Amino acid sequence: MSDHNSSVTLKERTASGMFWSAFGNGAQQVVTMLTGIALARMLNVEDYGLVALLTVFSVIAGNIQESGFTSALGVRRDVRSEDFNAVFWFSIGVSAGLYVLLFLAAPLIASFNRCPELTLLARVSFVGFFISSLGTAQAAWLFRNLMVREKTSSQVLASFAAGIVGLSAAAGGWGCWALVAMDLLYKTVYTVMLWVYSPWRPSLRVSFRPIAEMFGFGSSILLTNILNTLNAQLLQGVLGHFFPLRQVGYYSQANKWSLLSNGLLAGMVSSVAQPVLAKVGDNAERQTRIFRKMLRFTAFLAFPLLSGLALVAPEFIPLTIGDKWSPCVPYLALLSIAAAFSTVNGVFTHLMVSCGRSRLYLFTTVLLLSVQGLLIGLTAGWEDMFLLLAGIVLLQPCWTLFLAMIVHGMLSVGIKEMMADMLFFACAAALAVLVGWGSCRLCFGDACSLGWWRLLPMAVKCCTAVCTYLVVMQIVRPDVYLDSLDFIKRHMRSRARKSI
């Protein structure tokens, strides 16, 4: 009886976590999207290119100061206050040391990219990861306790405050400094809100013994996170050295929009997947069942959303951020398709981490980085990077199959079953995109391609694609679709009863 109650409780907490993560991430992405649209119209392509050149350093420094201990605390059986305290002080110490190193290295970064103005920009921008280190332990506490609503509300508030400051700075003629100011304020507000919501507080009685105990797991996660960052930012770094700053700006803008859409889903899944899978680790059958349901749910949302972004990219980019950004449209289409598979692949990696297989996770990341590096080497001589992005798109489904083979050795689930869980939704999304594109061509041809008239073909594409996808779901009626409808209905009934 108690096992059933705990099962119901975990199911309710998982559903609630998914809902609040989706709601919070959705609200944050809307704020970020509106701010990004306004900033892209106010700033130059080169402004984005300058900030993009520093992204890889900031993200890797953030990975190092966190050192994988959030994941380590999430899967640790028994966690004490001393564990959080050790992570808190370790994170601050490491980030302070990293900032000093990067402060001294800033002139070298500027020289490598042939942009002297990067020196001061880097030294100010890098303050952000030190600010984030002050909230590492608090974020880990919320993560372990599935306090998704509190975390997402902090992100929304931080995005809103940062957006106001960024727009004000851009209107004042700050250029690329508006983007830096926005980033710093976001991290400051978010860190403050983590302290507000987390009841845990640090103490001056510091013992780093928990760091040593978690180091084996945490170090593998740390190295994996760094390699994942290189996977995401390697191309941007290559562009910064071999291509003009304007080209970097176009790629950066396309990558930003694909990550914005991807972040809604990835954040929703990652906020609950790892802690939930870790909690049921002692029950292999239950863990397999939850894993497959998360895999289907992620595919159910990721493929239509991100392939839909690729479908409307030719109208979406000029309508939102202006015709000056039109060269990034083909990049966005390819990156969106790759991001759909990448989001689904994240469920496999969450399972590895939740099972304590951090070294296996590290191995797969090293292999992916090597393959992507090979693709870059083979296509570096081409002036157009479209071929490279096409290669990355083809790599992603192959990588999905590879991860399914690895998980097959961990759980009692067949490769064909896992692929079927995902590919049905991928095929349904592809059909919806094809119908949306065909209906637009049938109605308009090449007309309505200028100004606000682009809204018409974009609306036709969206409406026909969404309707096609929902019709397929209604005909086949997969369990994840029915569960989603049931959850929405129960939530609406609950809200209606509270309002009476």
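In this text the structure is predicted, and so the values were computed from the model without any measurement.
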Classify the ring geometry of Phe363 against Phe402: parallel below 30°, tilted from 30° to 60°, perpendicular beyond 60°.
tilted

Ile415 versus Leu401: any side-chain heavy-atom pair under 4.5 Å?
yes

Which atom names give the shortest non-hydrogen contact between Ser95 and Phe130, and what distance separates them?
OG-CD1, 3.2 Å

Whether Ser342 side chain and Ala339 backbone form a donor-acceptor pair below 3.5 Å
no

Closest non-hydrogen contact found for Ala428 with Val472 is CB-CG1, 4.0 Å

So do Thr400 and Phe348 actually touch side chain to side chain, heavy atoms under 4.5 Å?
yes

State, to 0.1 Å, how close Ala161 and Leu185 come at their nearest heavy-atom pair, and which atoms those are.
O-CD2, 3.4 Å

Contacts of Lys256 meeting salt bridge (Lys or Arg N to Asp or Glu O under 4.0 Å) (sequence neighbours excluded), chain-then-number -> none

Sequence neighbours excluded, every pair satisfying side chain to side chain donor-acceptor pair (under 3.5 Å) that has a member inside residues 473-482:
Arg296-Asp479, Gln474-Tyr481

Can you check whether Leu368 reaches Leu395 side chain to side chain, under 4.5 Å on heavy atoms?
yes

Check whether Trp195 reaches the backbone of Leu134 with its side chain - one donor and one acceptor, N or O, closer than 3.5 Å.
yes

Would you be so kind as to tabulate the donor-acceptor pairs closer than 3.5 Å made by side chains of residues 416-426, with sequence neighbours excluded?
unit_1 : atom_1 : unit_2 : atom_2 : d
Glu417 : OE1    : Gly414 : N      : 2.7
Asp421 : OD1    : Arg292 : NH2    : 3.0
Asp421 : OD2    : Arg292 : NE     : 2.9
Asp421 : OD2    : Arg292 : NH2    : 3.2

Are the side chain of Ser198 and the backbone of Leu194 linked by a donor-acceptor contact shorter than 3.5 Å?
no

For a side chain to side chain contact (heavy atoms under 4.5 Å, CB included) check, start with the C-alpha distance between Ile131 and Tyr190, then their side-chain angles and the critical distance, and finish with the verdict.
CA-CA 10 Å; Ile131 295 173; Tyr190 179 55; over 6 Å; no

The test is side chain to side chain donor-acceptor pair (under 3.5 Å); show your working for Thr136 and Ser91 and say whether it passes.
CA-CA 7 Å; Thr136 300; Ser91 180; 3.1 Å; yes

Classify the side-chain pair Ser258/Tyr331 by whether it contains a donor and acceptor separated by less than 3.5 Å.
no

For Ser81, enumerate each residue passing the side-chain hydrogen bond (donor to acceptor under 3.5 Å, both in side chains) test, keeping only those at least two apart in sequence or located in another chain.
Trp200

Can you tell me how the ring of Phe129 sits relative to the ring of Phe126, calling it parallel under 30°, perpendicular over 60° and tilted otherwise?
tilted

Distance check, rounded to the nearest 0.5 Å: Asp83 atom CG versus Ser207 atom OG?
9.5 Å

Once you round to the nearest 0.5 Å, how far does CG of Asn85 lie from CZ of Arg201?
12.5 Å

Check residues 458-469 and write down every donor-acceptor pair under 3.5 Å in which the side-chain atom is one partner and the other belongs to a residue at least two apart or another chain.
unit_1 : atom_1 : unit_2 : atom_2 : d
Lys461 : NZ     : Leu311 : O      : 3.1
Lys461 : NZ     : Glu315 : OE1    : 3.1
Lys461 : NZ     : Glu315 : OE2    : 3.0
Thr464 : OG1    : Ser439 : OG     : 3.0
Thr464 : OG1    : Val460 : O      : 2.6
Thr464 : OG1    : Lys461 : O      : 3.3
Thr468 : OG1    : Thr464 : O      : 2.6
Tyr469 : OH     : Phe300 : O      : 2.8

Whether Trp257 side chain and Ser336 backbone form a donor-acceptor pair below 3.5 Å:
no

Start with the C-alpha gap between Lys151 and Gln155, add the side-chain angles, then the distance that decides, and say whether side chain to side chain contact (heavy atoms under 4.5 Å, CB included) holds.
CA-CA 6 Å; Lys151 182 179 179 181; Gln155 293 170 332; 3.9 Å; yes

Stepwise side chain to side chain contact (heavy atoms under 4.5 Å, CB included) test for Gln396 and Asn345
CA-CA 9 Å; Gln396 289 302 323; Asn345 292 344; 3.4 Å; yes

Is the closest side-chain heavy-atom distance between Val189 and Phe160 below 4.5 Å?
no

Residue pair Leu334, Ile392: steps toward the side chain to side chain contact (heavy atoms under 4.5 Å, CB included) verdict:
CA-CA 9 Å; Leu334 290 174; Ile392 293 175; over 6 Å; no

Heavy-atom closest contact (Val329 atom, Ala313 atom, distance):
CG2-O, 3.7 Å

I want to check something: taking the side chain as every heavy atom from C-beta on, are Leu403 and Met352 in contact at a cut-off of under 4.5 Å?
yes

Using a 4.5 Å cut-off on heavy atoms from C-beta on, say whether the side chain of Val344 contacts that of Leu295.
yes

Can you name the nearest heavy-atom pair linking Pro304 to Ala299, along with the distance?
CD-O, 3.8 Å

For the residue pair Phe341 and Trp399, establish whether any side-chain heavy-atom pair is separated by less than 4.5 Å.
no

List for me each residue that meets side-chain hydrogen bond (donor to acceptor under 3.5 Å, both in side chains) alongside Asp183, sequence neighbours excluded, and say none if there are none.
Lys187

Passing option when Phe297 is tested against Val347, Asp483, Val480 for side-chain contact (heavy atoms from CB on, under 4.5 Å):
Val480

Non-hydrogen side-chain atoms of Glu82 and Val206 separated by less than 4.5 Å:
no

Taking all atoms of both residues into account, what is the closest heavy-atom pair of Val393 and Ala338, and its distance?
CG2-CB, 4.1 Å

